[in-house]
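Here is the structure we will look at.
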Amino acid sequence: MWRDLLPIGRNPASGGYRRFAWTGADLDCRAWFKEQAEARGLGYEVDRNGNQWAWLGDPAAGDAVVTGSHLDSVPDGGAFDGPLGVVSSFAALDELRGRGVRFAKPLAIVNFGDEEGARFGLACVGSRLTAGQLTVEGAHRLTDGDGVSLPRAMEAAGYDPDGIGADPERLARIGAFVELHVEQGRALDLSGDRVGIASAIWPHGRWRFDFRGEANHAGTTRLVDRRDPMLSYAETVLAARREAELAGAVATFGKIAVEPNGVNAIPSLVRGWLDSRAEDQASLDAVVGGIEKAARSYAESHGIDLDVVRESFTPVVEFDHALRDELGRILGKDTDLTVPALGTGAGHDAGILSGTIPTAMLFVRNPTGVSHSPAESAAEDDCVAGVLALADVLEGLASR
């Protein structure tokens, strides 16, 4: 399975992946998922929001145990973020069938669409729509860099966008959702554990900073006469680092758009996107508030107009304590081992669904801690340990 997925959407220049929602690479990944489902005799369906499902047992029976993740990527992302969870889900099912496990509940594997938000700027679109956290109107307003709307992109890919929206009937069928993911940090590597359990997801969001100045000639405009928004933007990037360090949080300006974007032109607009995450809401508010205050001060001093727009936000997610404890009990059964519980600053579909259904996550050790990069990695024996842990969890949850 891993070998079949590896070439899809790979950028030879960077070695990373460009599996953006509803593009050719994404459709190839979706075709792979369908093939895996059908090869195992599973019931296959695509829901109203484009998420793919592979079912063992009758979905209508309810109280289903669901696992899976996503197959799309960030620009030039790594091979493991998302796909490891989907591949491990199919491999865990194979393991359980090999054990002869009899399931008392329906079991499903899911591929949620557009988790990374690389094309339309909003993460977890498929799960947000399903959970009602993204309205139909909001989804219709999403556009990519070329101005193509989400519905148009779905339609061009052969999917009907008319039915998108909240899907409470589907979520009501699910008793528990467990997502396996490569760790996006080094906590497991430092502790020497192969697998961990997620405790919570830090609150996080994305903010757009629009610095508006005046376009002019780079060679003939005196420095004192300039209204250059790039200066305010650059100072704000440095302020973000300072505010994050003070709060023990993270803040990143990782995307920028400049107009008119000419080498010999002073910009008229610099638009930067801030991603910030912190352990608790008060810390996050302090970081983002401090960054905005600094940005407004810099903008005023340079004669720049500034607009700040919060484009997305996810509050702190505490995974279902009973389910989390049950995972620990299952994985620690007949051993003296304690599976570590880890907090994470990364968002996931499991976090989006946690407000509606019980969710939990398993993490697989990442020796470098690098993620969203071609350097993202996990050793084969650690991946196998993750599959076996997921299989144990699914057996414990669905066979009783």
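Here, residue 1 is the first one in the sequence, and each next residue gets the next number.
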Exercise for the section: Would you please indicate yes or no on a ring centroid separation below 6.0 angstrom for Phe253 and Tyr233? Expected result: yes
Within the side chain of [X], is there an N or O that forms a donor-acceptor pair under 3.5 Å with the backbone of [Y]?
X      : Y      : answer
Arg324 : Ala341 : no
Asn366 : Val182 : no
Thr252 : Gly254 : no
Ser276 : Val250 : yes
Asp193 : Leu188 : no

Closer than 4.0 angstrom, basic N to acidic O: yes or no for [X] and [Y]?
X      : Y      : answer
Glu45  : Arg170 : yes
Glu95  : Arg99  : yes
Arg208 : Glu311 : yes
Glu245 : Arg242 : no
Glu300 : Arg296 : no

Fill in the blank from the handout: Nearest heavy-atom approach of Ala251 to Ile291 is CB-CD1, 4.0 Å
Problem - Gln184 to Ala346 - nearest heavy-atom pair and separation - result: OE1-CB, 3.1 Å
Within a strict 4.5 Å, meaning less than it, do heavy atoms of the [X] and [Y] side chains meet?
X      : Y      : result
Phe313 : Leu284 : yes
Phe211 : Leu231 : no
Leu353 : Phe112 : yes
Ser354 : Asp320 : no

Practice task
With side chain to side chain contact (heavy atoms under 4.5 Å, CB included) as the test, would you mind laying out the steps for Leu397 and Leu323 before giving the verdict?
Solution key: CA-CA 9 Å; Leu397 296 176; Leu323 181 58; 4.0 Å; yes
I need the full list of side-chain hydrogen bond (donor to acceptor under 3.5 Å, both in side chains) pairs touching [range], with sequence neighbours left out, sorted by first then second residue.
range            : answer
residues 373-384 : Arg194-Asp381, Arg194-Asp382, Arg365-Asp382, Ser371-Glu376
residues 24-34   : Arg30-Tyr159
residues 147-157 : none

Handout entry: Identified side-chain contact (heavy atoms from CB on, under 4.5 Å) counterpart of Thr221 within the set Glu214, Arg227, Arg226
Key = Arg226
When the side chains of residues 57-80 are checked against the rest of the protein, which donor-acceptor pairs come out under 3.5 Å, sequence neighbours left out?
unit_1	atom_1	unit_2	atom_2	d
Asp58	OD1	Ala60	N	3.0
Asp63	OD2	Lys105	NZ	3.4
Thr67	OG1	Ser89	OG	3.3
Thr67	OG1	Val178	O	2.8
Ser69	OG	Glu179	OE2	2.8
His70	ND1	Asp72	O	3.2
His70	ND1	Asp72	OD1	3.0
His70	NE2	Asp81	OD1	3.3
His70	NE2	Glu115	OE1	3.2
Asp72	OD1	Glu115	N	3.2
Asp72	OD2	Glu115	N	3.1
Asp72	OD2	Glu116	N	2.9
Ser73	OG	Tyr17	O	3.0
Ser73	OG	Arg19	N	2.9
Asp76	OD1	Asn11	ND2	3.0
Asp76	OD1	Ser14	OG	2.7
Asp76	OD1	Arg18	NE	3.1
Asp76	OD2	Arg18	NE	3.4
Asp76	OD2	Arg18	NH2	2.9

Handout entry: salt bridge (Lys or Arg N to Asp or Glu O under 4.0 Å): pairs with one or both residues in residues 270-282, sequence neighbours excluded
Key = Asp210-Arg271, Asp275-Arg277
Problem - Shared hydrophobic cluster, Leu6 / Val384 (ILVMFWY, side-chain heavy atoms < 4.5 Å) - result: no
Would you mind writing out the side-chain donor-acceptor pairs for residues 132-142 within the sub-3.5 Å range, not counting sequence neighbours?
unit_1	atom_1	unit_2	atom_2	d
Gln133	NE2	Ile352	O	2.9
Thr135	OG1	Gly138	N	2.9

